[in-house]
Amino acid sequence: MSSLTRLLQEKRKNEPASSSPRTSSDTLTTTLESQPLDVQSRNRSSSHISGVSNGSSNGRNRTTVPVPGSVTTVTQIYSEEDSSSTAGSSLDDRNQFSSSFLNSNFAHTASFYGTSAQSKDRFGALINDQGAAALSSCGASSLAAQNRITSRLSANSHTSGRAIPSLSSSIPYSVPNSNKDNNSSNSNSSSLSSSWLETYAGGMPNNISAIDSNVISSPKVDSVEPRFVISKQKLQKASMDSNNANTTQSRSISRSGSISSQLGNFFFSKNSKESSNPNSAGGAFSVNSNGPSPNIKNPNVTNGSTAIPKPIRARQSSIYSASRQPTGSYTDNLYGSPSSVHDHLPPSQSVPRSQHSSIGDLKRFFKKSSSSNLSSNNNNVIPNGSPLSSGIAVPSHSHSSSHFATGGNSYSSSYNGNGDTIYSHNHGGSGIPFSKRYIKTGADLGAGAGGSVKLAQRIADNQIFAVKEFRTKFENESKRDYVKKITSEYCIGTTLNHANIIETIEIVYEDDRILQVMEYCEYDLFAIVMSNKMSYEEICCCFKQILTGVQYLHSIGLAHRDLKLDNCVINEKGVVKLIDFGAAVVFSYPFSKNLVEASGIVGSDPYLAPEVCIFAKYDPRPVDIWSSAIIFACMILKKFPWKIPKLRDNSFKLFCSGRDCDSLSSLVTRTPDPPSYDESHSTEKKKPESSSNNVSDPNNVNIGPQRLLHSLPEETQHIIERMIDLAPACRGSIEEIMEDPWIRSIDMCHLVEDALSFKVAKGEDHHHTQVDQSEAHIAGLEKKKKKQNNQ
Ligand SMILES: Nc1ncnc2c1ncn2[C@@H]1O[C@H](COP(=O)(O)OP(=O)(O)OP(=O)(O)O)[C@@H](O)[C@H]1O
């Protein structure tokens, strides 16, 4: 337990119960605690686990976990390590749960930066514990599926994470008339899905219908250009939709260079150096470059933008490649050599290593830019509604537009992140080093696996920003992966435009440091939650804002993959913003109806969706949905429901138990039931069936989904249940969630246009909690703890 954890626990213990305002969440927590069954559950699980580990053979046992009564149980293979780690299951004990809650929040994103041996071990353990989960009584078909999985695993065990099947091999994503040839490897599921959908197309969940073709893990792309064009369109459409929906926000997409093109321009083309003109470095930095297609000219770009590197390189260096290889860091660990990263690419996409980035590229890139200008450029601000030559009309309201410039020294920004001001002014930044343009205030906001975040003040206007200094490369990390992580975070940050997404102002490479300047938000949502002062309505507002951010991301084909309380910050106006796009992936490309599956165990344990721990490849959208639901549960309960979604975690095991199936893998690979005649003609019958998976004892709140749901307000239970459906194919999509009556009824704080600025329209039924700045960020809490210890 970290010292900070202890600090917070002590703080909470010392707080008299009456000192905190009585909120709905308090009531709910009390309700949860009042359930003695939690304690019983923990005792039960301990004994089961103990039994498992004692009987271990070769460190592993196949264990059937008994659950009281006649309910079905979930079976899994355990290792001794697993069994010993079962302690401290979340819902069972408040203190332990709080500890877990805090520790997990301070335990940073797993795997994405996981270059340690731990990651490797963890990955291996996950493969063996979850992927090979052999289950017994779910019918012949699921058993067959399990056998397929298990045999694949055995055939490739300990050698390659790629041996783990894709979730799509078990879940049919395909739709009729999709290209079945492409699905030869998944012929079983494909044919299943086709027949399913042909028959029950209307019954498929929203999260499947959005991607209405076959699932691929390595998309075949002959040309990069169309993707970029559509990426812009998607961005524009998302912004326009957003405008039309509530006129809450619309920022210029003047930073219109796609993520991929930016990355390609930045790092992965040696030729870019040769082919560029003297201004090319700046051009390469310009997000609003000519765009990736040589056929597309952008008359709005007046600076010396560079020629676009060869598309193939751009693609390989993009988030596209990141999305296919987000596990690069641990892949390197597993295979011992960065070259292995390329080995598993299809031949058509395999790239000679010489084409990939190097730290030298990174330095050249930043140095060139630094010497020209790292401030923003008015040239990048596109007149309202002006169509780019690529055929994209930008949103009608120029909003934020801060990014690298190409030699000009003007700056334009129109969104201050507080939601009520547009500023637009020029800051002479050309050639001026970061240290001359910003003063570091010295205050630390937080630090994680990706780097440390500090406060800085811009000299030109005294505005405060959060500046993230990226960590240096780990020794056992490939340069390529390192550069990719940094660039993906920056490129995503600068490309996205939404009130609920943090704005990246610029990125600076100076003195061998990489600094990302972001708008500053006064509070971590985690700190606000831990203050225990949030009202239920406030929690709902924050939740809906998070969902709104997720909706935006998903609408443009991106998934965050690391949604958690401490990746949500909130400003003093009550606007919640998602941060940390280091793990984000593209799941859908323009002109393609294919789902690009994500891979790798990426995220933070308590927020992880179960399929992430089981399958090497998965649809990242339901993962975000699951994590969002966990965030909501954490805000209500001030606890995690479980430490990790694995059966070794007793609380999660109980959550999975009591269903009409005893196999976690089978539960996770379930597909939606076709609508029955009764269901389609009677809405009354539908509810009891969907509200209880606990076939044996629907009233037992300790088993099955009710274990978590019963602790939540009744009105939230339906949609949260949809969000924590163990099967991602059945899980509610973001569109479904946003249409939920309760979600719709939430009076959410949002931005509204007001002449030349945007103001926050506050929800009327709540105000947003503010805490002392000394406790507003994790770093502040840590500092305070240290101080207390020294006294
Ligand atoms: N724009 C911002 N405004 C205020 N605080 C911020 C901002 N960005 C980051 N922080 C603070 O810094 C912390 C770390 O930021 P971030 O999550 O980006 O780092 P990381 O190294 O990627 O973390 P992780 O290990 O979770 O991946 C956050 O939890 C938050 O407290």
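What you are looking at is a predicted structure, and each value in this text was computed from that prediction instead of being measured. One-based numbering along the sequence shown. Ligands are counted one by one from 1 in listed order, and the atoms in each one are counted from 1 as well.
Remark: ligand 1 and D562 share no N or O pair separated by less than 3.5 Å (distance only, no angle test). Close N/O approach between D580 and ligand 1 is found [any backbone or side-chain N/O within under 3.5 Å]. Geometrically, ligand 1 and N567 share a nitrogen or oxygen pair separated by less than 3.5 Å. At under 3.5 Å, a nitrogen or oxygen of G451, whether backbone or side chain, sits near a nitrogen or oxygen of ligand 1. Between G450 and ligand 1, a contact under 3.5 Å exists for at least one N or O pair. The shortest N/O to N/O separation between C521 and ligand 1 falls below 3.5 Å.
Counted by atom type alone, Q516 and T504 present one or more donor-acceptor pairs between their side chains at under 3.5 Å. Donor-acceptor pairing under 3.5 Å is recorded for the side chains of S604 and K564.
The pair E469-K440 meets the salt-bridge criterion, since a charged nitrogen lies less than 4.0 angstrom from a carboxylate oxygen. A salt bridge links R437 to E506: one of the charged nitrogens lies within less than 4.0 Å of a carboxylate oxygen.
Close approach to G446 involves these atoms of ligand 1, each under 4.0 Å from a residue heavy atom: 12 (O), 13 (C). Set against the non-hydrogen atoms of G448, the atoms of ligand 1 under 4.0 Å away are 20 (P), 21 (O), 23 (O), 25 (O). Per-residue contacts place K468 under 4.0 angstrom from the following atoms of ligand 1 (heavy atoms of the residue considered): 16 (P), 18 (O), 19 (O), 20 (P), 22 (O). Taking a cut-off of under 4.0 Å to the non-hydrogen atoms of D566, the atoms of ligand 1 that pass are 28 (C), 29 (O). For ligand 1, the atoms closer than 4.0 angstrom to any heavy atom of I502 are 1 (N).
Shortest non-hydrogen contact noted between D524 and V569 is OD1-CG1, 3.7 Å.
Two residues are said to be in side-chain contact when any heavy atoms from C-beta on lie closer than 4.5 Å; E489 and F470 meet this criterion. Looking at heavy atoms from C-beta onward, V517 lies out of side-chain contact with R458 at the 4.5 angstrom threshold.
Residue contacts with ligand 1 for K564 involve side-chain atoms from C-beta outward but no N, CA, C or O (heavy atoms, distance under 4.0 Å). Residue A449 touches ligand 1 through backbone and side chain together, judged by heavy-atom distances below 4.0 Å. Counting heavy atoms under 4.0 Å from ligand 1, residue I579 touches it through the side chain alone.
The side-chain hydrogen bond (donor to acceptor under 3.5 Å, both in side chains) test with D624 is passed by exactly one of H560, Q551, H554: H554.
Between the side chain of D511 and the backbone N or O of R513 there is no donor-acceptor pair closer than 3.5 Å.
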